[in-house]
Amino acid sequence: MSNSVILSCTGLSKTFGEKGLLVPVLQGVDLELKQGERLAIMGTSGSGKSTLLQLLGGLDKPSAGSVVMDGYELSELKEAKLSALRNKCLGFVYQFHHLLAEFSALENVAMPLLIAGESVASAKQQAFEMLDAVGLKHRIEHRFSELSGGERQRVAIARALVTKPKCVLADEPTGNLDKKTAEQIYELMLSLNQRFNISLLLVTHDAQLAAKMDSVRMLDDGCLQA
Ligand SMILES: Nc1ncnc2c1ncn2[C@@H]1O[C@H](COP(=O)(O)OP(=O)(O)OP(=O)(O)O)[C@@H](O)[C@H]1O
Ligand SMILES: [Mg+2]
């Protein structure tokens with residue numbers, strides 16, 4: 001682990017709703033993730049874990065506070081620059097993964113590489129290797145819509161990891177997988193963390209997975225506890 005901070009937030013707050021019906025979800029969250037660091041966030045359902053990951057990934061805007069990714073304060077970036085930064089730095093595995101139903105597993109995983117400007121041949125080769133690593137070599141030509149829930153989840157993981165991002169944000173990455181597959185996925189994420197010094201920020205209800213991280217923090221009452 002090096003000392004450079006890849007992702008941080010200060011005083012991060014989020015309130016949903018309009019006047020009369022305000023739902024304060026996050027209230028002044030401070031967090032720092034260094035290159036290569038592994039952090040798990042736990043908390044009860046509705047405590048704001050997914051909301052926090054959305055804000056950290058620049059997919060939603062905070063009500064107050066700031067997020068700094070690879071040295072850039074997100075609120076100061078225009079949409080195009082923000083997208084480019086996300087593509088370069090982040091891999092996302094979110095609860096409601098945004099994958100393309102009509103595209104094959106291989107095409108979905110190759111997509112971020114193509115967006116980053118790699119050749120089709122090289123993107124497909126790397127996508128194939130990553131799908132093999134998550135145990136889906138036999139499903140590469142299947143359309144996303146033809147895959148099972150756990151297979152879709154693994155495609156989402158392969159896509160998040162294929163660019164070897166500086167940081168992976170994962171929301172319940174193994175939530176709908178059986179124990180054996182979930183363990184293979186943890187091992188894959190941990191080996192990439194070590195080989196490529198990728199930072200991991202995981203939201204999980206799984207205490208066993210959380211225990212494999214460098215630290216675990218609880219989100220409670222809108223605040224992140226030590
Ligand atoms: N777009 C929204 N508009 C209004 N309220 C929202 C919105 N998104 C989330 N919330 C509320 O914010 C709270 C936190 O939601 P969030 O999805 O972050 O919880 P979570 O900790 O990820 O829960 P789970 O473990 O069930 O996934 C919930 O009470 C939810 O109803
Ligand atoms: Mg959630």
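In listed order, ligands and their atoms are each counted from 1.
- Residue contact check for ligand 1: Q54 places no non-hydrogen atom closer than 4.0 Å to it.
- Counting heavy atoms under 4.0 Å from ligand 1, residue V25 touches it through the side chain alone.
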(request) Evaluate the criterion side chain to side chain contact (heavy atoms under 4.5 Å, CB included) for residue pair L161 and V134; output intermediate values, then yes/no. (result) CA-CA 10 Å; L161 297 174; V134 297; 5.6 Å; no
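- Here E172 has no heavy atoms under 4.0 Å from ligand 1, in either its backbone or its side chain.
- At under 3.5 Å, a nitrogen or oxygen of G46, whether backbone or side chain, sits near a nitrogen or oxygen of ligand 1.
- Under a 4.0 Å criterion applied to the non-hydrogen atoms of S50, ligand 1 contributes the atoms 17 (O), 18 (O), 20 (P), 22 (O), 27 (O).
- Expressed to the nearest 0.5 Å, how far CG of L90 lies from OG of S199 amounts to 10.0 Å.
- Per-residue contacts place H205 under 4.0 angstrom from the following atoms of ligand 1 (heavy atoms of the residue considered): 25 (O).
- Using a 4.0 Å cutoff on heavy atoms, S47 counts as a contact of ligand 1.
- The cationic atom of K81 (NZ for Lys, CZ for Arg) lies less than 6.0 Å from the six-membered ring centre of Y72 and within 45° of the ring axis.
- Checked options L26, V25, L74; the residue passing with L55 is L26 (criterion: side-chain contact (heavy atoms from CB on, under 4.5 Å)).
- By the 4.0 Å heavy-atom criterion, T44 is counted among the residues contacting ligand 1.
- For the Mg ion (ligand 2), the N/O/S atoms of S50 include one lying under 2.8 Å.
- A distance of 9.0 Å separates CD in E172 from CD in Q153, rounded to the nearest 0.5 Å.
- Between E151 and the options K137, R139, R143, a salt bridge (charged side-chain N to carboxylate O under 4.0 Å, His left out) holds for only R139.
- Here E79 pairs with R86 in a salt bridge; the nearest charged N to carboxylate O distance falls below 4.0 Å.
- The residue D171 has no part lying near ligand 1, judged by heavy-atom distances below 4.0 Å.
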(request) Please assess S50 against Q54 for the test side-chain hydrogen bond (donor to acceptor under 3.5 Å, both in side chains), listing each intermediate value before the final yes or no. (result) CA-CA 6 Å; S50 296; Q54 296 277 334; over 6 Å; no
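- Residue contacts with ligand 1: F16 is placed with no nitrogen or oxygen under 3.5 Å of a nitrogen or oxygen of the ligand (distance criterion only).
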